[in-house]
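Have a look at the structure below, then the notes.
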2 protein chains.
Amino acid sequence: MRRAQALRDALEQEIITGRFRPGDRLDEQSLAARFEVSRTPIREALMQLASTGLVELQARRGAFVTLLSFKDVVERFEVMAALEGMCGALAARRITQAMQREIEKVHEDCVREASQENADAYYYANERFHHLIYEACQNRFLAEQAAQLHARLKPYRRLQLRARSRVANSLAEHQSIVDAIRDGDGERTERLLREHILIQGERLADFIASFERAA
Amino acid sequence: MRRAQALRDALEQEIITGRFRPGDRLDEQSLAARFEVSRTPIREALMQLASTGLVELQARRGAFVTLLSFKDVVERFEVMAALEGMCGALAARRITQAMQREIEKVHEDCVREASQENADAYYYANERFHHLIYEACQNRFLAEQAAQLHARLKPYRRLQLRARSRVANSLAEHQSIVDAIRDGDGERTERLLREHILIQGERLADFIASFERAA
DNA sequence: AAGCGCATTCTTGTATACAAGAGCGTTGAC
DNA sequence: GTCAACGCTCTTGTATACAAGAATGCGCTT
């Protein structure tokens, strides 16, 4: 069983991959028909998605895929930068030897996948890199919050790692972050990670701005 | 209508005020009977509370009031300190004249209520003070996140403002925060707010530690 | 012809009925 | 007497039926 959970994942995927687009209405009945379940687990799944911010529930009007404005996205990247910076600061001070080695290993994975120009593999290695930093902060709650917002920004982050120069810069930034953590320098790690994320946010902001201008 | 929402608020209050204590099981049937509604809106309310972290849903086992360990609370205060610090930093750089005046006014309210030794009134004035800083950051998402975690920590925060000396110190800290914001000094505001929150966290940690030792 | 109002219909919100898994007690065997 | 297994019950998870609010379209009136 546990249909609601499965539905949650399925809908999340469809939203992230663009099957449903921001602003789209999610009709309970048609979803129930399509997945061949009753409305009950559909409603549960929608409420769970609403709690993560992926959809919005309007009273008596139904569920809609959250439509983030330009400002909304910038705001979230601002917070993401702060959270990741904090993770980094704590990680640099608290990290274990084993964790340190693991991060270095995953960083090497990133380098390898980038050199092979395997976009998807690089994307996933990059994701593991960031998740390791979340976990290394030794604050489970912070790690969860960071991971959740990270996931929430996924649809927007994927848009931008196309430019090859960005990948090269990103790797250089990762390297200096790894170094800063190894040195146990919390402040430097925090600053580097903040900038690393904010650059992404700014890139994306440029992208969205050009997109909105075209529309 | 909108029973689920009303139930959510009612249950939240009962948890915050201690009618239900951390670890308690929340039985759907008995709640439905007590509130004279069916299980459906009860389930909705419980899921909403779960999304904010106030209760935990265990699959096939039901809902339990979240029992935060000592470590859990410390972790949350660590994050709260960072979020509030960030709010303060942004607020100091972005605050409007009107907002500045409003914060000063509420700060004066805090001073007045404290001098009258009206614990509840002071508590609420203090809460308004912090919420104003959240809003002043001009990042709606950050403000929401901060407010949510703030609310989440409410049951734990109330335990500790008993000591009179803490109130006096707290007011002095508020004053220097107001000054730092007026000066537009983001870094100083951030540092002061972080410390202001972390002190609360440490006080509470001491309290919990002594409590757990006694038990 | 245009605007307002009413009714119909569609959708969400709530109640109830049903299914299935988990825990617990009892009973039987060793 | 103790341990294990079986079955019962209790609770959650899902389906369906019902109620109520919101939107839309049609008709009537001016």
Side-chain angles (χ1 to χ4, degrees), chain A residues 1-16 18-68 144 148 151, chain B residues 1-16 18-69 144 148:
Chain A
M1 284 215 171
R2 196 82 54 265
R3 297 181 202 255
Q5 211 63 19
L7 288 168
R8 193 198 95 91
D9 293 344
L11 288 173
E12 185 172 30
Q13 276 309 310
E14 297 205 355
I15 292 171
I16 287 174
R19 164 89 174 67
F20 290 116
R21 306 179 63 178
D24 280 2
R25 180 144 177 289
L26 297 173
D27 182 60
E28 295 179 1
Q29 275 196 161
S30 52
L31 287 174
R34 185 151 79 79
F35 287 102
E36 296 181 315
V37 296
S38 78
R39 278 173 51 222
T40 308
I42 294 282
R43 283 176 66 83
E44 258 196 53
L46 289 176
M47 281 188 284
Q48 287 187 45
L49 291 172
S51 79
T52 68
L54 216 66
V55 311
E56 276 180 350
L57 299 178
Q58 294 183 28
R60 293 259 175 218
R61 301 218 33 224
F64 299 80
V65 179
T66 301
L67 179 61
L68 289 185
E144 278 171 16
Q148 188 177 321
Chain B
M1 285 214 167
R2 197 81 58 263
R3 296 180 202 257
Q5 212 63 18
L7 289 167
R8 193 199 95 91
D9 293 344
L11 289 173
E12 185 173 27
Q13 276 308 311
E14 298 206 354
I15 292 171
I16 287 175
R19 165 88 173 69
F20 290 116
R21 305 178 65 176
D24 281 1
R25 180 145 178 284
L26 297 172
D27 181 58
E28 294 179 2
Q29 275 196 162
S30 52
L31 288 174
R34 185 150 79 79
F35 287 102
E36 296 182 317
V37 296
S38 79
R39 276 173 51 221
T40 308
I42 295 282
R43 283 177 67 84
E44 257 195 53
L46 289 176
M47 281 190 285
Q48 289 187 44
L49 291 172
S51 78
T52 68
L54 215 65
V55 311
E56 276 181 348
L57 299 178
Q58 295 185 28
R60 293 261 177 218
R61 301 220 31 224
F64 298 81
V65 179
T66 302
L67 179 60
L68 291 185
S69 70
E144 278 170 15
Q148 189 177 321

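To find a chain, count down the sequence lines: A is the first, B the second, and so on, and within it residues start at 1. Since this is a predicted model, take the numbers as computed values, not measurements.
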Check your understanding: Would you say B/S38's side chain and B/T40's backbone share a donor-acceptor pair under 3.5 angstrom?
Key -> yes
Check your understanding: Does A/R43 put a side-chain nitrogen or oxygen below 4.0 Å from OP1 or OP2 of C/dG13?
Key -> yes
**Study point:** Contacting residues from residues 23-42 of chain A, given that a heavy atom lies under 4.0 angstrom of DNA chain C
**Key:** A/R25, A/D27, A/E28, A/Q29, A/R39
Revision key, fill the gap. Out of D/dA23, C/dT14, D/dG13, minimum distance to the side chain of B/R60 belongs to D/dG13
Review point. Quick one: side-chain hydrogen bond (donor to acceptor under 3.5 Å, both in side chains) partners of A/R34, sequence neighbours excluded?
Key: A/E14
Check your understanding: Under the salt bridge (charged side-chain N to carboxylate O under 4.0 Å, His left out) test, which residues partner A/D24, sequence neighbours left out?
Key -> none
Exercise for review: Specify the separation, in whole Å, of atom CD of B/Q5 and atom P of C/dT12.
Suggested key: 17 Å
Practice item. Apply side-chain hydrogen bond (donor to acceptor under 3.5 Å, both in side chains) to B/D27 and list each qualifying residue two or more places apart in sequence or on a separate chain. Key: B/S30
Point to revise | For A/S51, all residues meeting side chain to side chain contact (heavy atoms under 4.5 Å, CB included), sequence neighbours excluded | key: B/S51
Check your understanding: Given axes from five pairs at either end, by how many degrees does the helix from C/dA1-D/dT30 to C/dC30-D/dG1 bend, rounded to 10°?
Key -> 0°
**Study point:** A/R39: side chain to side chain contact (heavy atoms under 4.5 Å, CB included) partners, not counting sequence neighbours
**Key:** A/E28, A/Q29, A/A32, A/R43
Exercise for review: Could you list the residues that satisfy side chain to side chain contact (heavy atoms under 4.5 Å, CB included) with A/Q5, not counting sequence neighbours?
Suggested key: A/R2, A/R8, A/Q48
Check your understanding: Between atom CZ in A/R3 and atom P in D/dT14, what is the gap in whole Å?
Key -> 7 Å
Review point. Listed by chain and number, what are the side chain to side chain contact (heavy atoms under 4.5 Å, CB included) partners of B/E36, not counting sequence neighbours?
Key: none
